[in-house]
Amino acid sequence: MWSSVPRVTFSNGRQIPQIGLGTYLTRGEEGIRSIKQAIDIGYRHIDTAFRYGNEREVGCAVRDKIAEGFVAREDLFITTKLWNSFHSPKHVAEAFGRSLANLKLSYVDLYLMHMPMALAFRGFDEADLIPYDTQGKVACSEVDLCDTWRAMEQLVRAGQVRSIGVSNFNRAQLRRLLAVATIRPVTNQVECNPGFNQKPLIEFCRGEDITVTAASPMGRANRSDSSSGVTANVLTDAGVARVGAKYGKSNAQIVLRYLLDIGTIPIPKPSNRAETLENIDIFDFQLTAEEIALMDAFATGKRAVPLKYYSHHREYPFGGGDDD
């Protein structure tokens, strides 16, 4: 039904569908079914990560739909991510190889550095992915993100990855990376929703020809900002509902259209078939400037996912200031 989702062109000339399927916590047989269902509906952009523990499910669903003849591999855009404890250049190729083996695909469309924060390496098993020190804090590593990036560039040169990018980077970290990169990052995947709309970062990335992928697009809908009197429950807000009624859309569809209109590629994670259908049905209308301003008013400046358990890391990207 929605096989003709618009595509965005990266700086390297490759293209990505303008909406993706988030798969965090999508696991097991039910996860495989839900991903296959999404492909049937028209999703062609699927986002996973080694840390999610579901690359096998994503790969199984993708291979089944290819085997059915429903899609070709070239029709699909698969993203996965390098986990924080694999940042050492000596681990990058093996980490990617494990992701590729989990997916059982010949290549990945997009490989992201999951975060700018390197962690101590304990191994590749799920139990090893969050290492702790003797004080009970997450154990950090001194590996520089630029060294990790250089190792990721080798994956592109080897033909195993079509494009590379980053996730959860702030502007200062992007500047450092751009100063040394011989293959530029094509996207920065970050939390982006009406409560935290990332407009300064979006503008910076636009100037550097880096797309922004909007993770956690719905944020946490039950938060409010008492200082402004604006309720952040955008999914039930009456004003947003009036905008939705104008277009015949739900509040959630208005949120996703807003994220498209401010220049991002949202990757919502639906919880059922109805949401899967609804989330992709956002390409037949566009918000006016006044409607975008209404959505802007929900911004609280507070993250739904602040990752505070990494706040002691020297590369913690959300420390405040102009480069946050």
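L82 and I210 end up in the same hydrophobic cluster when Ile, Leu, Val, Met, Phe, Trp and Tyr side chains are linked at under 4.5 Å. The hydrophobic cluster containing M113 also contains F50, counting ILVMFWY residues as joined when their side-chain heavy atoms lie under 4.5 angstrom apart, directly or transitively. At a threshold of 4.5 Å between side-chain heavy atoms, the hydrophobic network of Ile, Leu, Val, Met, Phe, Trp and Tyr places V305 and L25 in two separate groups. A continuous path of ILVMFWY side-chain contacts below 4.5 Å connects L178 to I164, so both sit in one hydrophobic cluster. Hydrophobic cluster membership is shared by I41 and F70, with clusters built from Ile, Leu, Val, Met, Phe, Trp and Tyr side chains linked at under 4.5 angstrom.
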CA sep, side-chain torsions, deciding dist, call: V92, F86, side chain to side chain contact (heavy atoms under 4.5 Å, CB included) = CA-CA 6 Å; V92 169; F86 311 148; 5.9 Å; no

List the steps, then state whether side chain to side chain contact (heavy atoms under 4.5 Å, CB included) holds for N251 with V234.
-> CA-CA 7 Å; N251 284 34; V234 68; 5.8 Å; no

Kindly indicate, with the supporting measurements, whether the criterion side chain to side chain contact (heavy atoms under 4.5 Å, CB included) is fulfilled by I292 and Q286.
-> CA-CA 10 Å; I292 290 173; Q286 189 170 353; over 6 Å; no

Walk me through it: do S163 and N12 pass the test side chain to side chain donor-acceptor pair (under 3.5 Å)?
-> CA-CA 8 Å; S163 302; N12 63 5; 2.9 Å; yes

Would Y43 and I35 count as a side chain to side chain contact (heavy atoms under 4.5 Å, CB included) if you check the C-alpha gap in whole Å, the side-chain angles of each, and the deciding distance to 0.1 Å?
-> CA-CA 9 Å; Y43 288 81; I35 296 164; over 6 Å; no

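Contact detail for S141 and H313: the closest heavy-atom pair is O-NE2, 3.9 Å. Across all non-hydrogen atoms, the minimal contact from V138 to D133 is O-OD2, 4.5 Å. Minimum interatomic distance between L76 and V71 (heavy atoms only, all atoms of both residues): CD1-CG2, 3.8 Å. Between P217 and P268 the shortest heavy-atom distance is CG-CA, 3.6 Å. When all heavy atoms of G22 and K269 are compared, the pair lying nearest together is O-CG, 3.4 Å. Closest approach of L294 to G239, counting heavy atoms only: CD2-O, 3.9 Å.
Once rounded to the nearest 0.5 Å, the distance linking CD of Q160 with CD of Q154 reads 10.5 Å. Atoms SG and CD1, from C192 and I262 in turn, are 4.5 Å apart once rounded to the nearest 0.5 Å. Y24 contributes atom OH, which lies 13.0 Å from atom CD1 of I267 (distance to the nearest 0.5 angstrom). The line from CD of E291 to CZ of R242 is 11.5 Å long, rounded to the nearest 0.5 Å. In this structure, CG in D237 is found 11.5 Å from CD1 in I254, a value given to the nearest 0.5 Å. Separation of atoms CG (L112) and OG (S167) is listed at 6.0 Å; rounding is to 0.5 Å.
The shortest side-chain heavy-atom distance between L235 and V255 falls under the 4.5 Å cut-off. When side chains are defined from C-beta on, F10 counts as touching I16, because their heavy atoms get closer than 4.5 Å. The side-chain heavy atoms of F283 and P6, taken from C-beta on, include a pair separated by under 4.5 Å. With a 4.5 Å cut-off on side-chain heavy atoms, D209 and V186 do not count as touching. Residues R175 and F204 have side chains in contact (heavy-atom distance under 4.5 Å, counting atoms from C-beta outward). With contacts defined as side-chain heavy-atom distances shorter than 4.5 Å, the pair V143/T148 qualifies. Using a 4.5 Å cut-off on side-chain heavy atoms (C-beta onward), Q15 and V8 make no contact. Using a 4.5 Å heavy-atom threshold, the side chains of H114 and N84 count as touching.
In this view, E315 and R176 satisfy the salt bridge (charged side-chain N to carboxylate O under 4.0 Å, His left out) rule, not counting sequence neighbours. Contacts of R98 classified as salt bridge (charged side-chain N to carboxylate O under 4.0 Å, His left out), with partners at least two apart in sequence or in another chain: E94.
In this structure a side-chain-to-backbone donor-acceptor pair under 3.5 Å is present from D261 to L287. A donor-acceptor pair under 3.5 Å links the side-chain atoms of R257 to the main chain of F285, judged by distance alone. A donor-acceptor pair is defined here as one N or O able to donate and one able to accept, closer than 3.5 Å; no such pair exists between the side chain of N279 and the backbone of T276. Judged by distance alone, with hydrogens and angles left aside, the side-chain atoms of W149 form a donor-acceptor pair with the main-chain N or O of I183 at under 3.5 Å. Under a 3.5 Å cut-off, the side chain of E208 and the backbone N or O of C205 do not form any donor-acceptor pair.
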Which donor-acceptor pairs under 3.5 Å do the side chains of residues 103-111 make with protein atoms, sequence neighbours left out?
from: D109; atom 1: OD2; to: R73; atom 2: NH1; distance (Å): 3.0
from: D109; atom 1: OD2; to: R73; atom 2: NH2; distance (Å): 2.8
from: D109; atom 1: OD2; to: I78; atom 2: N; distance (Å): 2.8

Considering only distance and modelled atom types, tabulate donor-acceptor pairs under 3.5 Å from the side chains of residues 115-129, sequence neighbours left out.
from: R122; atom 1: NH2; to: Y132; atom 2: O; distance (Å): 3.3
from: E126; atom 1: OE2; to: R27; atom 2: NH1; distance (Å): 3.3

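Ion pairing of R150 with E153 is absent here, as no side-chain N (NZ or NE/NH1/NH2) approaches a carboxylate O to less than 4.0 Å. We find that K249 and D284 are joined by a salt bridge, their nearest charged nitrogen and carboxylate oxygen being less than 4.0 Å apart. By the 4.0 Å N-to-carboxylate-O rule, E142 lies close enough to R314 to be salt-bridged with it.
Between the side chains of Q253 and Y258, no donor-acceptor pair is found at a separation under 3.5 Å. Checked by atom type, the side-chain pair N168/E191 shows no donor-acceptor distance below 3.5 Å.
The distance between the ring centers of H45 and F77 falls below 6.0 angstrom. Checked against the 6.0 Å centroid criterion, the rings of Y310 and Y316 do not qualify as a close aromatic pair.
A 6.0 Å sphere centred on CZ of R206 holds more than 12 heavy atoms belonging to other residues, nucleotides or ligands. Counting non-hydrogen atoms of neighbouring residues, nucleotides and ligands closer than 6.0 angstrom, the NZ atom of K137 reaches no more than 12 such neighbours.
Contacts classified as side-chain hydrogen bond (donor to acceptor under 3.5 Å, both in side chains) and involving residues 50-70 (residues at least two apart or in different chains) are given here: T23-N54, K36-D64, D40-K65, T48-N54, Y52-K81, E55-T80, E55-S99, E55-N102, R56-N102, K65-E68. Within the structure, salt bridge (Lys or Arg N to Asp or Glu O under 4.0 Å) contacts touching residues 110-119 (residues at least two apart or in different chains) do not occur.
For the side-chain hydrogen bond (donor to acceptor under 3.5 Å, both in side chains) with T213, the lone residue among T79, T187, T264, N188 that qualifies is T187.
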